[in-house]
Amino acid sequence: MSRRRAIAVLGGRPGNAGADVLRLAEMIGEELARRGYGVVSGGEGGVAAAANKGCRAAGGDTLALLKWNRLSDAEDGTTWALPTSMDLARSNILNWCGDGMIAFEGRYGTLTEIGLALDTGRPLLVLGSHPFLTAEAFAAPTCRVVPDPRPEDAAELVGLLETLIAAGEREAVRPGAAVVADDQADESGIGLRRAIPGDLDLFRRAFGDADVQAWRALEPTDGVLSRFQHERCLIMLERNRPVGFLEYRTETDPELDHIHVEAVAVSDAADRGRSIGTRALRLFAGSVFAAGRHRITAAPHPGNKAAVRCLEKAGFQQVGLMRAYERHHGAWRDALLMDLLPSDPAAGDRGARHTRETTF
């Protein structure tokens, strides 16, 4: 039996959405039901009630994810009510339970739900004005914004959301997410895994080192370093011993389709000069290209000879100089643009003298 599809509806509670917004929500609820979708919402009146009303009028089903544990909080027009007792954490369930999302005008709760949808790459149609969010915030391939929607355009608007849903179904990962599987290792014992809170001391040792500070100046405090504990920061292992990290980011524009290496750092001076970073980069590149990505880029400072040599040994080529690329200690400095393509020859000179890999 095929799964029933549903759309998550975001928007203001009673008093936070005007009559025009409520009419639009009702018309879109009707159109969703005509196309075989159910409506999932927070079930707190306002936009949720209007969308439910339209959906039910056209024979569709509705689900209310209630903040508290009272079934009586569900308004008329609810097919099923689910009391979560989760308060604002309920939004995370709402984020994932629909095939796509439509955001109407609202206030802070709606803004946080929009932000979560953007961060997780959910297919998202944003209707109306959201003054606290900039155009840059909406610049994601999974999102479209219609600033002046009309109720009579409900069919066209739902069609636009379906286009986003179809595009999202072809995406292997959400924008910005990890593309490299962790828990992998090569024949020499070099491995990669995701960063965890227990790696904080490794980051502290790295960024407390003078060689690293020369190229990546961060205050090695817990608050600053904790940001490296995310899915795109991989810990480099030598026979299961954490020795450093590799941080990268993904290009969100699908037409560019590349990965940028932000930093490769070996934490302790005693482990440098043994090609750990080079071997980790080779392992990383193999996984990136196996995932179908087109290019890997890096931007070390021209004066960081160790980082440049590490990248070259891993097969990267210098393709240009970017002037005044980044700020370091309050001053702009240049960076080399280096890249690696799947068609490039394997990294050569494996027997070359070792260099002191630090960071870039």
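Predicted, not measured: the structure shown is a model, and the values here were computed from it.
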*Non-hydrogen atoms of Thr297 and Phe316 that approach each other most closely*: C-CE2, 4.2 Å
*Could you pull out all residues at least two apart from Lys53 that satisfy side chain to side chain contact (heavy atoms under 4.5 Å, CB included)?*
Glu26
*Where do His294 and Pro342 come nearest, in terms of heavy atoms and distance?*
O-CD, 3.1 Å
*Looking only at heavy atoms, what is the nearest atom pair of Lys313 and Arg282, with distance?*
O-NH2, 2.9 Å
*Any chance the side chains of Gln317 and Glu312 put a donor and an acceptor closer than 3.5 Å?*
no
*With a 4.5 Å heavy-atom cut-off, do Leu234 and Glu247 have their side chains touching?*
no
*Going through the distances and angles, do Arg70 and Asp73 end up as a salt bridge (charged side-chain N to carboxylate O under 4.0 Å, His left out)?*
CA-CA 6 Å; Arg70 299 182 298 264; Asp73 287 347; 3.1 Å; yes
*If only atom types and distance count, is the side chain of Asp344 paired as donor or acceptor with the main-chain N or O of Leu341 below 3.5 Å?*
yes
*Please tell me if the side chains of Leu157 and Ile28 come closer than 4.5 Å, counting only heavy atoms from C-beta onward.*
yes
*For Asp61 and Gly38, indicate whether the former's side chain and the latter's backbone hold a donor-acceptor pair under 3.5 Å.*
no
*Under 3.5 Å, side chain of His130 to main-chain N/O of Thr110, donor-acceptor pair present?*
no
*Check step by step if salt bridge (charged side-chain N to carboxylate O under 4.0 Å, His left out) holds for Asp87 and Arg90.*
CA-CA 6 Å; Asp87 195 6; Arg90 175 270 318 265; over 6 Å; no
*Tell me, do Val40 and Leu65 make a side-chain contact under 4.5 Å, heavy atoms counted?*
yes
*Within a strict 4.5 Å, meaning less than it, do heavy atoms of the Leu237 and Arg193 side chains meet?*
yes
_Heavy atoms of other groups near Arg13 CZ, more than 12 under 6.0 Å_ = no
*Checking Asn69 side chain against Pro83 main chain: does a donor-acceptor pair fall under 3.5 Å?*
no
_Are Ile196 and Tyr248 linked, directly or through intermediate hydrophobic residues, by side-chain heavy-atom contacts shorter than 4.5 Å (ILVMFWY only)?_
no
_Side chain to side chain, Arg35 and Glu162, heavy atoms closer than 4.5 Å_ = yes
*Ignoring hydrogens and geometry, is there a side-chain-to-backbone donor-acceptor pair from Thr84 to Leu66 under 3.5 Å?*
yes
*Return the set of residues passing side-chain hydrogen bond (donor to acceptor under 3.5 Å, both in side chains) with Glu30 (not counting sequence neighbours), or none when no residue passes.*
Arg34
*Side chain to side chain, Ile102 and Leu10, heavy atoms closer than 4.5 Å*: no
_I'd like to know whether Thr142 forms a side chain to side chain contact (heavy atoms under 4.5 Å, CB included) with Leu124, so could you lay out the CA-CA distance, the side-chain angles of the two residues, the decisive distance to 0.1 Å, and finally the verdict._
CA-CA 6 Å; Thr142 54; Leu124 173 66; 5.9 Å; no
*Applying side-chain hydrogen bond (donor to acceptor under 3.5 Å, both in side chains), run through Ser188 and Arg279 and close with a yes or a no.*
CA-CA 8 Å; Ser188 73; Arg279 287 181 284 163; 3.0 Å; yes
*Search all heavy atoms of Ala314 against all heavy atoms of Leu340 and return the closest pair with its distance.*
O-CD2, 4.1 Å
*Report the residues that fulfil side chain to side chain contact (heavy atoms under 4.5 Å, CB included) with Arg205, sequence neighbours left out, ordered by chain and then residue number.*
Asp201, Leu202, Ser267, Asp268
*Flag the pair Phe228 / Leu200 as yes when at least one side-chain heavy-atom distance between them is below 4.5 Å, and no otherwise.*
no
*When the ring planes of Phe245 and Phe207 are compared, do they come out parallel, tilted or perpendicular, using 30° and 60° as the limits?*
tilted
*Output yes when a side-chain donor or acceptor of Arg272 lies under 3.5 Å from a complementary backbone atom of Val266, and no otherwise.*
yes
*Pairs involving residues 320-330, ordered by first then second residue, that meet salt bridge (charged side-chain N to carboxylate O under 4.0 Å, His left out) (sequence neighbours left out)*: Glu326-Arg333
*Using modelled atom types only, decide if a donor and an acceptor are shared between the side chain of Asp222 and the backbone of Leu225 within a distance under 3.5 Å.*
no
*Any chain of hydrophobic side-chain contacts (each under 4.5 Å) joining Val9 to Leu116?*
no
*asked:* Against Arg56, only a single residue in Thr62, Thr78, Thr79 fulfils side chain to side chain donor-acceptor pair (under 3.5 Å); can you say which?
replied: Thr79
*asked:* Working note: Arg194 + Asp199, criterion salt bridge (charged side-chain N to carboxylate O under 4.0 Å, His left out); need CA distance, chi angles, decisive distance, verdict.
replied: CA-CA 10 Å; Arg194 304 272 176 84; Asp199 295 318; over 6 Å; no
*Report yes or no: does Arg122 contribute a side-chain atom to a donor-acceptor pair with the main-chain N or O of Asn95 at less than 3.5 Å?*
yes
*Under 3.5 Å, is there a donor-acceptor pair between the Glu113 and Tyr108 side chains?*
no
*Are the side chain of Gln184 and the backbone of Leu192 linked by a donor-acceptor contact shorter than 3.5 Å?*
no
*In one Ile/Leu/Val/Met/Phe/Trp/Tyr side-chain cluster, 4.5 Å: Val264, Phe289*: yes
*Which other residues belong to the hydrophobic cluster containing Met322, where Ile, Leu, Val, Met, Phe, Trp and Tyr are joined when side-chain heavy atoms lie under 4.5 Å apart, directly or via other members?*
Val319, Tyr325, Leu337
*Ile165 vs Ile7, side chain to side chain contact (heavy atoms under 4.5 Å, CB included): CA-CA, chis, key distance, verdict*: CA-CA 10 Å; Ile165 293 171; Ile7 299 300; 3.8 Å; yes
*Do Leu71 and Met86 share a hydrophobic cluster, counting only Ile, Leu, Val, Met, Phe, Trp and Tyr and linking them when any side-chain heavy atoms are less than 4.5 Å apart?*
no
_Short N-O contact, Arg204 and Asp209, less than 4.0 angstrom_ = no
*asked:* Can you list everything that forms a side-chain hydrogen bond (donor to acceptor under 3.5 Å, both in side chains) with Arg144? Sequence neighbours excluded, please.
replied: none
*Any Phe203 side-chain heavy atom under 4.5 Å of Cys233 side chain*: yes
*Cluster check Leu32, Val21: I/L/V/M/F/W/Y, side chain < 4.5 angstrom*: yes
*Check the angle between the aromatic planes of Trp215 and His301 and answer parallel, tilted or perpendicular using the 30° and 60° thresholds.*
tilted
*Looking only at non-hydrogen atoms, find the nearest pair between Pro300 and Leu311 and report the distance.*
CG-CD1, 3.7 Å
